[in-house]
Amino acid sequence: MGTWSRFNIASIVLGFGFLYLPIVLLVIFSFNESKLVTVWAGFSTKWYTQLWHNQALLDAAWVTIRVALISATCATVLGTLAALALVRYTRFRGRMLFSGMVYAPLVMPEVITGLSLLLLFVAIGLDRGFWTITLAHITFTMCFVAVVVQSRLLSFDQSIEEAALDLGATPVRTFFAITLPVIEQVPAVFSGWVLAFTLSLDDLVISSFTTGPGATTLPMKIYSQVRLGVTPEINAICTILIGIVAIGVVVASIVTKQREAQRERDERAAFAQS
């Protein structure tokens with residue numbers, strides 16, 4: 001038993017080391033004094049200072065953030081409605097086709113998705129740029145939101161909605177007053193938005209197919225510069241992205257725990273009153 005325990009510990013250490021050691025090294029070398037990213041010459045934050053004067057990287061970062069915010073918000077709305085349709089309306093003409101179209105981006109390679117969207121934009125004569133990237137990211141991330149929200153709706157007590165309808169509430173009012181707050185309390189909608197935002201933030205393949213003049217995202221900019229050699233500024237901006245994602249994960253975890261605790265307190269209070 002002791003041998004197995006040591007083996008399990010060693011496996012976990014090696015696995016996490018393989019995944020996270022390169023990230024730790026990247027963060028460390030972002031504070032390197034030397035311009036050579038493989039030679040440590042002392043601690044310095046000058047590359048972060050120079051990063052704020054790199055207008056090309058800043059413009060790419062601003063495009064990426066705007067695309068991620070818009071696409072994540074739109075994907076959350078559409079994905080929630082799609083999940084609601086699939087769970088609440090189990091029998092309608094074309095349900096199987098609709099379900100396949102919603103979940104297709106989950107299993108389809110990004111190269112095929114990007115190429116298909118490129119051909120679509122060319123066929124309808126839509127100029128490629130900021131909005132084509134945004135539309136492509138909405139198409140790509142909506143399915144992930146639908147999966148997250150659908151998993152919550154499957155365990156949702158529909159008798160609450162039926163009670164609201166019996167009391168005279170319209171279906172629209174029931175959705176906004178009952179359904180949406182409940183799936184937000186166990187934050188499926190918020191989790192779907194965070195997932196969509198993260199996927200949009202680091203997408204490279206689909207963005208490369210659907211981009212146009214003046215719409216270079218940060219992953220595309222980093223990839224084009226890395227091909228010529230890694231610079232300390234790249235390490236710095238990647239460290240900032242890691243920090244943003246880490247903060248987002250922590251905030252999402254805190255919000256989830258707080259809402260779960262609030263839900264348990266409400267359930268105990270309701271049980272005590274009954």
Side-chain angles (χ1 to χ4, degrees), residues 16-75 110 114 128-138 140-141 144 190 193-255:
F16 279 100
F18 178 78
L19 291 173
Y20 294 106
L21 185 59
I23 298 177
V24 173
L25 292 176
L26 182 147
V27 173
I28 292 174
F29 277 94
S30 69
F31 297 98
N32 187 13
E33 175 71 25
S34 174
K35 193 172 183 178
L36 300 175
V37 295
T38 57
V39 178
W40 180 259
F43 182 85
S44 176
T45 58
K46 68 178 183 179
W47 302 114
Y48 289 89
T49 304
Q50 292 189 15
L51 177 63
W52 293 111
H53 299 286
N54 191 328
Q55 194 60 42
L57 281 177
L58 293 179
D59 291 342
W62 176 234
V63 170
T64 301
I65 293 174
R66 285 189 297 155
V67 169
L69 288 173
I70 297 174
S71 63
T73 303
C74 294
E110 291 188 27
R128 284 174 290 163
F130 175 84
W131 289 110
T132 54
I133 296 178
T134 303
L135 291 173
H137 284 197
I138 293 172
F140 172 63
T141 58
F144 293 91
F190 179 71
W193 186 91
V194 173
L195 179 60
F197 180 82
T198 305
L199 290 170
S200 175
L201 200 66
D202 69 347
D203 180 77
L204 173 64
V205 177
I206 295 178
S207 299
S208 299
F209 279 98
T210 57
T211 188
T216 301
T217 62
L218 189 58
M220 295 170 56
K221 188 67 178 179
I222 292 175
Y223 178 72
S224 63
Q225 291 192 6
V226 166
R227 295 174 64 183
L228 303 176
V230 180
T231 63
E233 290 182 358
I234 298 297
N235 289 343
I237 197 166
C238 289
T239 301
I240 293 174
L241 287 176
I242 293 171
I244 292 174
V245 173
I247 292 173
V249 171
V250 172
V251 171
S253 178
I254 293 174
V255 170

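These figures come from a predicted structure and were not determined experimentally.
For the residue pair Ile133 and Ala215, the shortest heavy atom distance occurs at CD1-O, 3.3 Å. Considering every non-hydrogen atom in both Thr211 and Arg128, the closest pair reads O-CB, 3.4 Å. Between Ile222 and Cys238, the shortest heavy-atom contact is CD1-SG, 4.2 Å. Thr217 and Val63 get closest at one heavy-atom pair: CG2-CG1, 4.4 Å. The two residues Val67 and His137 make their nearest non-hydrogen contact at CG1-ND1, 3.4 Å. Considering every non-hydrogen atom in both Thr73 and Leu69, the closest pair reads OG1-O, 2.8 Å.
With values rounded to the nearest 0.5 angstrom, Thr64 atom OG1 is found 10.0 Å from Leu57 atom CG. Separation of atoms CD1 (Ile237) and CH2 (Trp52) is listed at 8.5 Å; rounding is to 0.5 Å. In this structure, CG on Asp202 lies 9.0 Å from CG on Leu241, to the nearest 0.5 angstrom. To the nearest 0.5 Å, atoms CZ (Phe140) and OG (Ser207) are separated by 9.5 Å. How far CG of Asp59 is from OG1 of Thr216: 9.5 Å, rounded to the nearest 0.5 Å. Rounding to the nearest 0.5 Å gives a distance of 10.0 Å between CZ of Phe130 and CG of Leu135.
Few gaps surround CZ on Phe43; more than 12 heavy atoms of other groups in view lie less than 6.0 Å from it.
In this structure, the ring of Phe197 has its center less than 6.0 angstrom from the ring center of Trp193.
Under the 4.5 Å side-chain criterion, counting only non-hydrogen atoms from C-beta, Ser30 is in contact with Tyr48. Contact of the Asn235 side chain with the Asn32 side chain is not registered, since no non-hydrogen atoms from C-beta on lie closer than 4.5 Å. Counting only heavy atoms from C-beta outward, the side chains of Trp62 and Leu58 never approach each other to under 4.5 Å.
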Pair Leu51, Trp47 - check side chain to side chain contact (heavy atoms under 4.5 Å, CB included), show working. CA-CA 6 Å; Leu51 177 63; Trp47 302 114; over 6 Å; no
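With respect to Thr141, the side chain to side chain contact (heavy atoms under 4.5 Å, CB included) criterion is satisfied by exactly one of Thr198, Ile206, Asp203, Leu199: Leu199.
Judged purely by distance below 3.5 Å, without hydrogens or angles, the side chains of Ser200 and Ser71 pair a donor atom with an acceptor atom.
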